[in-house]
Every structure is written in C-alpha cells, then in structure tokens.
2 protein chains.
Amino acid sequence: MRNARQGRQTRVTISDVGAAAGVSASTVSRVLNGTAKVDPSLAARVHDAVTQLGYRPNAAAQGLARGEWGTIGVLVPNLANPYFPDVLKAVSSVARSHGRRVMVMETDEDPSIEHDLVEDLMRSCDGVLLCSSRMERADLVVLTARDHPLVLLDRIVPGLAAPAVSADFFGGMMLICGHLAQLGHRRVAYLSGPEVSWANSERIRALEAAKAFGISVTILPCGSTSRHGYKAAAEVAGTGATALTTYNDLVALGAVTRLRELGVRVPEELSVVGFDDIALDHVAHTSLTTVSVPRGQLGRQAAETLESLMAGKHDGEPVYLSMELHVRDSTAPPRVTREVTR
Amino acid sequence: MRNARQGRQTRVTISDVGAAAGVSASTVSRVLNGTAKVDPSLAARVHDAVTQLGYRPNAAAQGLARGEWGTIGVLVPNLANPYFPDVLKAVSSVARSHGRRVMVMETDEDPSIEHDLVEDLMRSCDGVLLCSSRMERADLVVLTARDHPLVLLDRIVPGLAAPAVSADFFGGMMLICGHLAQLGHRRVAYLSGPEVSWANSERIRALEAAKAFGISVTILPCGSTSRHGYKAAAEVAGTGATALTTYNDLVALGAVTRLRELGVRVPEELSVVGFDDIALDHVAHTSLTTVSVPRGQLGRQAAETLESLMAGKHDGEPVYLSMELHVRDSTAPPRVTREVTR
DNA sequence: CTGTTAGCGCGTTCAC
DNA sequence: GTGAACGCGCTAACAG
C-alpha cells in the first residue's frame, strides 16, 4: 500500500488540475498564488478545472514547500473563562490581516499537558501565543530557547528569550488597594487564584506591598471560577476583614452569592471587589467594583509582536498594559471603623 | 535562496538526528514511531541525539507522508458563548483518546467567512466538526459533497451527505410551551435569535406548533447576546404577552435586567424563560426557568461520529439529543388570567 | 510567459 | 535488523 489513505478518498492534486486544464502543475500554482503573470486564457482554463474538480491545495504540502504554515497557534488555560474570547478576537483579526489563520487549543488548567501542547503548536504553526502560562520557569526557559517565534501573554518571566505582553496585574491590585484604603478599610481578605498562576502571584505581590499603607491582608486559597468563589466565601467571616479582594470577577460574583446566603450584606457589611472586568453585561447579579484591562489591545499587541517576531525582528522589553479602576456598587466604607471606636 | 526560511532558523531534520546517532534517517523514524524492532543500543543513541539536538518532527512533512494530520478542526460561531466550551472539552477529550489534537476556529457570527474557514479546516485537518452552522443549505450541500469527513453539530439539514448530532431544540421549546400553558399563559412573546440560525428556526417551529394548544405567539427580532436581550425587552410590553421566551439564557438574562429597570416584575407580572441552561453558577441575577442539553454528551457523540467517519464507517440518521426542562424562579402563573375575567 | 527539475522532511517499501 | 530509494503534493529556481 502506497499510503494510509482510507477508503476511496480520490484526492485531487495540482497535477490533476494541470492535466485537466492542459497546462503544467507549476502554471496552476502560479495562477492560484498569483506568483507570476500567466496568460489570461490559460488562467481561465485553470480556474475552470479547479472548480470542476473541486480542487483544494493540500495545506501540508504547501507548508512543506513554503516552509510556512500560514497559521499561528494560541494556547489558553480555559476557554470557559470569558476573559479569552475578547483576546482571541483581537488576535484573529491581526492574524487575518497578515494572511494567517489562528488555531486555538486549551490546557483545561492542566499544567502537565501544557508543555506538550506548546510543542504540538510549534510543530504546526509559524508562531505561538502562550496565554497565562502555568508552566514552571524552567520549562518555559527550555521552550523559549528553541528559536521558534513565541510570545507570552499575561505572563512575564525575566530573562526569557521571548517577548511578553501582559496586563499590569500588580498595578491593578494596587489600584484596588488604594481605593479600599481611601474608603477606610484596613483589614482585607484575598480569595487566591490558582497557585501556579503568575497573574495570581502578581496580585499577591501588590497586596503585600499595600501593607506599607497600613493594610493587613489574609490570603485564602480559592480558585478561578464562580464555584470556587462560592465555596470559599464562608471563610472570609473568620478573618475579620471588612473588604474582600479576589482573583477575578467570577470568583467575586460567586462569593457574593454565598455571602448573601449567609446574610452578609454587600457592600454594607463587606466590600467585595473583582478583577478583570469581565463583560457580563446585564447578566450578573452585582455591579462589581473591579479593574479592567483593554483585552482587545492586549490581544492585538501580542499578536503584532508575534508577527514582527516571525518577520525576523527581535522585540525587546516586556510590555505592561495598565489596568483601570471601575468603582461600582460592591464597595463602600466599612460599617464600623474599629480603629475609631477603639 | 532555496527556501523562504527566515533568519537563521537552523531547523533540525530527521537526517541530522540520524547523522548524529550514526544511523540512517529511516532508523530514526522507526525508533520514534515504534514502527519496527530496532536494536536497543541504536535506539538509545537515537533518543540521545533527539534530545541533544532538540529535534521535533515537522508536522507538515509527517502529514504529507502519512496522508493524515492527526488533527480535527472545530468551527464555532462565537467563543464568547458559554455554550461552546463545554462542548469543546468533550470533543477534545474524545479526540485525544484517538491520538488527535483539536484546533478551534470561530466565525464570529459572520456567515460570510464561515465557508472559507471550513475549507481551511478541511485542507489541514482529518475531519471537521461544524457547530451551529449559519451557512445556507446550498453551501452546505456543496461542502458536504466533497468526500471529506465532516459532521454537523446543532444543525440538521435533511438529505445531506454528512452525519449530524443536535440538541432537540424543537422538543425543548415544546417543553417550555407546555410548561407555560400549564401555568395558564396564553399570550407568549419570543425574542428571536439570529435569523440565519437553524436552532432559532427550530424554536420558532415549536412556537408555531404550540398555537394548536391555544397559545398565541409574537415574535420579536433580537439576537443572541445579553445585550441584545436588554435592548429588545422594552418591546415586549406592547405585545400583551404574559410570558417571554427567548433564544437563549443570555438573552433572557439581559431582558430581565431591562424589564426590572422598566418596573416590570419577573415572574409576577411577566414570566421569562431561557434556553440552553448555560452554567452561570452563582453569577446570574436570576434563577432562570430554562431547558438544557447535556453539552458534554453532545460534543462527545459528535466527536465519536466524526472519528468513525474518518475510520471509513458511514454513519446514518441525524441524532437528536433531547432537552430537559428546569423550572426555576422566573416563571409563574400569569397575574390576571384574562380568559377567566372576561 | 511557460514547462521541467529539484527539493521541502518524513514514512515506507524494497533489497540487503 | 538496517540502509537506500521513492513518493506524498506543492513551490521555486532553472531553462527555454
């Protein structure tokens, strides 16, 4: 058997088209790719043959011959997080304008398969965009050492051979802390995201930094979904916190739900603030105070960095996109300012 | 220049590995694929060389030689719709168990690019899963006529050369109508989804059928997002409806938000029912009466159908997965049963 | 302008 | 067991 082609998949090749049109394969190629000028009448015959036979170029063969796939790969932890679609749309748009398509894969929050998936992507894409990578630094070093275009999104690792574009999570959390401090909050709890998440550690770093302003912080392990937030919320009471910060909006919303069930009024008894500003227009039960990144810009800039990388330009410093504070209805001054009553 | 390879991308090939290990390329291939027995000591040397050189097989070359890509492609209208991640996870899982990876693309609800994307996918995947296609029947016929494995998900078109797996939207809407009728509702409004959506027309078909049970229906153009629902909700008042049905949960939630702003109490003054049972655990402001599909099963079954199709088996009849009614807090008997008072 | 030739990197027969 | 030769489908350099 010459090939593992199953069934009677009578695949039509470029030479079939050539034969049908009475020209050589190269001429067909030229017509289809506009690579060179071709006699109009021949071109017409080629086009006819193409439609007659239903010919479609084989992507693998093209990729092999050109040394390019015309594709960029994007790896995200979790497609269920509303954060990514916005990013992806921007990425797609940039990619398309460069004549590339994008293929998306998700790790399902499982760091153990992330490495393999990146390698897969590298083997079949011109460049890869790695979003919110949960990989260990060492693995990342190995991966970025291969000279294959790769850019990190929402993960900054110093001294890496790959460009990075990220929201400024540290700055975002600082904004939140500042807001809470100005409202008079002193004791803050934090529902922590995935431990392996750099974005999470950046938030925590900011929380630590905020201590200098007289804020004390209790960190509670939680997760990244509304369900996690719902489950973890009960433990906030024990911390004595008057304000609750969270890994993201989903967690915050889940927490608020639970808090209400427990009879805790938000924001009167407890202020809650989200993170990311996920667009849940007219859907969420609470108008959350939160911080936002321009997700479109994030995706766009990352994609463009990747494009320029593929074009051979070596980009430099990591880019931080600053976040913006949105004060809404889930934060208020603490009910009793213990510092004052004492 | 022999190739469009940019920069000094010193790509390492299988022969490089062979040279380094002092064997032929074929031996390397055999070792890596376990295709035939190889002397253990040689195999060891090969493995060493592979890691030393950081060799990774070129996916295009493999695909070309094997006549297989090891990939299935999935096309969805909109990644932002929480409906799809669940489906995708199931699909990925099935694909992975068959040694295939999945690449996802989205049309962004733009039917005009859908056709091209499917063709792209067909050119670079062993099979494609087309979700909620918005394409016209004629285009679909053309596409499925090519003998390339393709299965439709959530779109049934009679007489098509491709298998299909879909939620039973008609049945789902009938369940809703039955529920509303039993509560005493007679006048129902429907916030319609995208016009080009088959899923939408199935819902409408059910609504029409429900007329036989004495239900009158007003159809209002709307859309598929919460924003659409929010915008369209104001027009419901003018219809005299006591119950509002919707294209999906997102629309319903958006509508409820608007209705509340307008001072319409749900469900006391107006019952609202969703569709899909999107998991917005602890996030949504309203506990919506809705219908659900087992999205995991949907994805799983579609993926398995695709696999068997790729294996050469020709699957038969379209499969309808039945939906389930979830009565929650957004429906109630109509405030005034006009039939009675009259 | 067009046909012919030579790879792209890999899997796989075929001889040894 | 192993290497050499061939072909997968296509593009690009080379002649004409």
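Residue numbers begin at 1 in each chain, while the letters A, B, ... track the order of the sequences. Side-chain atoms are counted along with the backbone in the values below, which use heavy atoms only and exclude waters and symmetry mates.
Note on the helix from dC1(C)-dG16(D) to dC16(C)-dG1(D): terminal axis deviation equals 40°, with five pairs used at each end and the result rounded to 10°.
Look at CZ on Arg66(A): it is 13 Å from P on dA13(D), rounded to the nearest Å. Distance, Ile14(B) CD1 to dG11(C) C1': 8 Å, rounded to whole Å. Rounded to an integer number of Å, the gap from Asp16(B) CG to dC8(C) P is 11 Å. Distance Gln62(A) CD to dG9(C) P: 17 Å, rounded to the nearest Å. Counting to the nearest Å, the P atom of dC10(D) and the CG atom of Asn33(A) are 10 Å from each other. Distance Leu64(A) CG to dC8(C) P: 9 Å, rounded to the nearest Å. Distance CH2 (Trp69(A)) to C1' (dC10(D)): 14 Å, rounded to an integer number of Å. The separation between Leu32(A) atom CG and dT2(C) atom P is 14 Å, rounded to whole Å.
Checked against Leu129(B) for a side-chain contact (heavy atoms from CB on, under 4.5 Å), the options Val87(B), Leu152(B), Val91(B) give a single hit: Val91(B).
Taking 4.0 Å as the cut-off between side-chain N and carboxylate O, Glu109(A) and Arg134(A) count as a salt-bridged pair. Salt-bridge formation is detected for the pair Arg100(B)/Glu68(B): a Lys NZ or Arg NE/NH1/NH2 atom is positioned less than 4.0 Å from an Asp or Glu carboxylate oxygen.
Within the nucleic acid shown, Thr13(A) comes within 4.0 Å of sugar-phosphate atoms alone, with no base atom in reach, counting heavy atoms only.
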Using nucleotides 4-6 of chain C, report all nitrogen or oxygen pairs with the protein that are shorter than 3.5 Å.
residue: dT4(C); atom: O4; partner: Ser26(A); partner atom: OG; Å: 3.2

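Proximity of a side-chain donor or acceptor of Arg30(B) to a complementary backbone N or O of Thr35(B) within less than 3.5 Å is not detected. Under the 3.5 Å distance criterion, the side-chain polar atoms of Asp48(A) are left unmatched by any main-chain donor or acceptor of Ala21(A).
At a threshold of 4.5 Å between non-hydrogen side-chain atoms, the residues Arg45(B) and His47(B) do not count as touching.
Residue Lys37(B) is the one, among Lys37(B) and Ala59(A), whose nearest nucleotide of DNA chain D lies closer to the 5' end (criterion: closest heavy atom).
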